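Just so you know, these numbers come straight off a predicted model, no measurement behind them.
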Amino acid sequence: MRSHYCEQVNEQELGNQVTVAGWIHKRRDLGGLIFADVRDRTALLQVVFDPDLQDMFAEANKLRQEFCVQITGEVRARPEGQINERMATGKVEMLATEIKILNRSAPLPIDYNQQVSEEQRLRYRYLDLRRPEMNEKIQFRARVASAVRRYMDSRGFLDIETPMLTRATPEGARDYLVPSRTHKGKFFALPQSPQLFKQLLMMSGFDRYYQIVKCFRDEDLRADRQPEFTQIDIETTFMSADDVRALTEDMVRNLFQEMLNVDLGDFPIMPYSEAMSRYGSDKPDLRNPLELVDIADLVKDIEFKVFSGPANDSKGRVAVIKVPGGARLSRKQIDEYTNFVGIYGAKGLAWMKVNERAKGMEGLQSPVLKFFPENVVNELLARVDAADGDILLFGADSQTVVTEALGALRLKLGQDFDLVEDSWKPLWVVDFPMFEETEEGFFALHHPFTAPIGVTAEELKANPGATLSNAYDMVLNGCEVGGGSVRIHDNAMQQAVFGILGIDEAEAEEKFGFLLEALKYGAPPHAGLAFGLDRLVMLMVGASSIRDVIAFPKTTTAQCPLTDAPGYANPAALAELGVALAERSGAKE
């Protein structure tokens with residue numbers, strides 16, 4: 001039905017007859033002439049309709065936005081002064097000789113000249129995806145996936161599918177459950193990741209596996225989360241953590257070079273403890289120059305208990321952020337930042353303005369200055385390299401509260417003071433704690449199949465809180481784009497980890513018996529990593545939400561406005577599955 005895509009209609013086709021097919025993007029009636037921009041997935045093409053061709057001109061008069069058309073015509077150069085350098089086809093136009101309206105469009109339910117809610121965009125997603133900016137994002141995503149496959153294939157990785165109907169995989173979120181008709185009362189779980197199966201593939205001798213795969217997690221959503229999302233899943237045998245990082249770093253570096261012509265360079269490696277100490281986050285945005293500086297040693301002996309108390313507590317922290325030029329902040333603005341850190345549990349936000357450092361104490365302004373001996377103030381200013389016009393913002397509380405509050409404040413200040421570089425800043429974060437300890441016991445910081453660093457099973461059981469995991473996260477501009485680890489390949493070590501997590505032998509056998517059994521038969525050392533494809537593409541195209549790079553996403557309440565999913569099931573189908581529903585809230589008796 002067409003000889004060319006719109007993008008292919010260029011200066012090489014001057015004087016030729018071509019046929020294009022697509023949608024009317026815009027129509028302009030200038031009295032003597034009608035112009036229309038025809039759009040397909042490649043570009044826009046300007047078409048001119050001559051009134052001397054009366055039948056065709058009458059048909060062109062009927063055109064409206066989003067009519068689906070087929071047009072044949074002669075390619076000619078645009079007149080001098082009418083070239084549009086912003087269009088791929090901006091040097092040419094088509095003089096139409098034949099037009100066929102393939103399908104008319106009803107009046108559009110959304111108008112992109114007005115503010116359109118995301119709910120409406122998702123309700124009419126098939127119209128939303130026709131927009132050039134959305135079309136480009138989805139095409140870009142497809143090219144990213146293609147580039148990943150080419151890279152992995154060229155390095156000997158096998159694309160192997162894993163099951164969607166399986167048992168629960170412990171990844172920290174609730175599972176989506178699927179009832180079984182043939183085994184009433186039993187349920188499949190949709191995979192939160194292919195974790196167990198890719199480990200089993202390593203034990204089966206397929207030493208290099210990858211898959212671009214759907215994963216499912218029933219968790220609270222936000223801009224970079226969806227109930228179903230896509231992973232670039234990678235697993236290897238006989239490769240160390242360094243080997244996996246080198247391979248995947250090279251893959252991402254090649255991807256950015258090919259897709260964006262950006263050289264990411266070598267990725268720095270940062271221990272988790274340093275990331276939390278300096279940036280208050282395990283996914284630090286290195287484009288932001290602000291850092292958290294610990295000062296507990298300076299304030300242990302001052303009279304101000306708000307500072308000295310946490311400074312003398314092994315679980316406390318006292319830290320400061322220096323904001324260049326921040327002395328211009330008004331008291332109202334400081335109060336707004338105080339309210340902000342309160343969201344994270346901070347009880348207040350002490351501050352100190354450096355007006356004229358050369359004047360010593362007289363050149364400073366702070367409601368807490370009277371509690372600081374002059375020698376402590378001098379050491380403090382030297383440690384943060386304070387200059388005239390700076391402000392120091394303090395956090396003093398438990399280590400968790402200070403780290404989270406000042407970490408979040410650092411990001412907000414970076415935006416508010418326009419300090420964030422327009423650049424790409426990748427890094428690896430490594431040496432995570434093996435476990436997180438709460439009042440309820442120990443939890444795996446990654447997942448329970450992550451190997452510890454440098455300990456035996458007995459040493460791990462003796463001191464789990466001090467053990468580091470052989471895990472690694474790739475971070476880009478403050479977003480975790482990928483994470484992985486060296487896996488446990490020893491049955492005794494796996495049992496020890498389960499024990500620390502409170503999973504007894506019976507529960508371990510019920511949930512993971514097949515994995516524990518496989519570990520007995522010469523399981524090789526293996527390691528892997530998974531990238532969030534949606535999140536990676538979101539960053540690459542500069543979108544603010546992964547919903548903008550997924551063709552048919554869900555809302556933040558895990559609903560699909562387009563299909564009105566989820567919906568109620570047919571009672572007969574539920575009966576066949578052996579499933580009974582609790583009475584719905586508000587239902588009539």
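Taken to the nearest 0.5 Å, the OG1 atom of Thr236 stands 12.5 Å off from the CG atom of Leu201. Separating the CZ atom in Arg253 from the OH atom in Tyr151 is a distance of 8.5 Å, to the nearest 0.5 Å. Residue Leu529 holds its CG atom at 6.0 Å from CD1 of Ile234, rounded to the nearest 0.5 Å. Considering CD of Gln415 and CZ of Arg410, their distance stands at 10.5 Å, rounded to 0.5 Å. Expressed to the nearest 0.5 Å, how far CG of Asp313 lies from CG of Asp397 amounts to 9.5 Å. Note: Tyr337 OH to Trp351 CH2 = 14.5 Å, rounded to the nearest 0.5 Å.
Side-chain atoms of Gln226 come within 3.5 Å of backbone atoms of Lys554 as a donor-acceptor pair (strictly under, hydrogens ignored). Checked by atom type and distance alone, the side chain of Asn312 pairs as donor or acceptor with a backbone atom of Lys300 at under 3.5 Å. Thr403 contributes no side-chain N or O that, together with a main-chain N or O of Thr400, makes up a donor-acceptor pair within less than 3.5 Å. The backbone N or O of Met538 lies less than 3.5 Å from no partner atom in the side chain of Asp548, so there is not a single donor-acceptor pair. Using a distance-only test at 3.5 Å, with no hydrogens or angles considered, a donor-acceptor pair links the side chain of Lys322 to the main chain of Asp385. The backbone N or O of Glu480 sits less than 3.5 Å from a side-chain atom of Arg535, completing a donor-acceptor pair. One N or O on the side chain of Arg141 and one on the backbone of Val549 form a donor-acceptor pair closer than 3.5 Å. Side-chain atoms of Thr467 never come within 3.5 Å of backbone atoms of Leu460 as a donor-acceptor pair (strictly under, hydrogens ignored).
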Pairs of donor and acceptor atoms involving the side chains of residues 262-274, under 3.5 Å and at least two apart or interchain, shall be tabulated with distances.
residue : atom : partner : partner atom : Å
Asp263  : OD1  : Gly265  : N            : 2.9
Glu274  : OE2  : Arg278  : NH1          : 2.5

Per-pair distances, 0.1 Å, donor-acceptor, side chain in residues 491-503, under 3.5 Å, sequence neighbours excluded:
residue : atom : partner : partner atom : Å
Asn491  : ND2  : Leu516  : O            : 2.9
Gln494  : NE2  : Pro448  : O            : 2.8

For residues 422-437, dump all side-chain donor-acceptor pairs below 3.5 Å to protein atoms at least two apart in sequence or in another chain.
residue : atom : partner : partner atom : Å
Ser423  : OG   : Glu421  : OE1          : 3.3
Trp428  : NE1  : Glu249  : OE1          : 2.9

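Checked by atom type, the side-chain pair Thr338/Asp335 shows no donor-acceptor distance below 3.5 Å. Using modelled atom types and a 3.5 Å distance limit, the side chains of Arg150 and Ser146 yield a donor-acceptor pair. Counting only N and O atoms by type, the side chains of Asn254 and Asp250 include a donor and acceptor under 3.5 Å apart. No hydrogens or angles considered: a donor-acceptor pair under 3.5 Å links the side chains of Gln211 and Thr162. Side chains of Tyr209 and Asp159: no donor on one and acceptor on the other come within 3.5 Å. Side-chain contact annotation: Asp285 with Tyr279, donor-acceptor N/O pair under 3.5 Å absent. In this structure, a donor-acceptor pair under 3.5 Å is present between the side chains of Asp294 and Ser277. Side chains of Thr557 and Thr555: a donor on one and an acceptor on the other come within 3.5 Å.
Phe307 meets the ring-ring contact (aromatic ring centres under 6.0 Å, His included) test with Phe304, Phe372, Phe394; sequence neighbours excluded. Residues forming a salt bridge (charged side-chain N to carboxylate O under 4.0 Å, His left out) with Lys520 (at least two apart in sequence, or on another chain): Glu517. In this view, Tyr344 and Phe340 satisfy the ring-ring contact (aromatic ring centres under 6.0 Å, His included) rule, not counting sequence neighbours.
Comment: Arg143 does not engage Glu258 in a salt bridge, judged by the lack of any side-chain N to carboxylate O separation of less than 4.0 angstrom. With respect to Glu507 and Lys511, a salt bridge is recorded, a charged nitrogen being found less than 4.0 Å from a carboxylate O.
Annotation: side chain of Ser485 is in contact with side chain of His447 (closest heavy-atom distance under 4.5 Å). In this structure, the side chains of Thr450 and Val486 stay at 4.5 Å or more apart for every pair of heavy atoms. Under the 4.5 Å side-chain criterion, counting only non-hydrogen atoms from C-beta, Ser308 is not in contact with Asp301.
Within the cation-pi definition used here (under 6.0 Å to the ring centroid, within 45° of the axis), Arg208 does not qualify as a partner of Phe206.
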Run the numbers on Arg317 and Ser398 for side chain to side chain donor-acceptor pair (under 3.5 Å), then give the verdict.
-> CA-CA 6 Å; Arg317 185 178 185 188; Ser398 70; over 6 Å; no
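For the side-chain contact (heavy atoms from CB on, under 4.5 Å) criterion with Leu290, the lone passing option out of Leu411, Leu393, Leu413 is Leu413.
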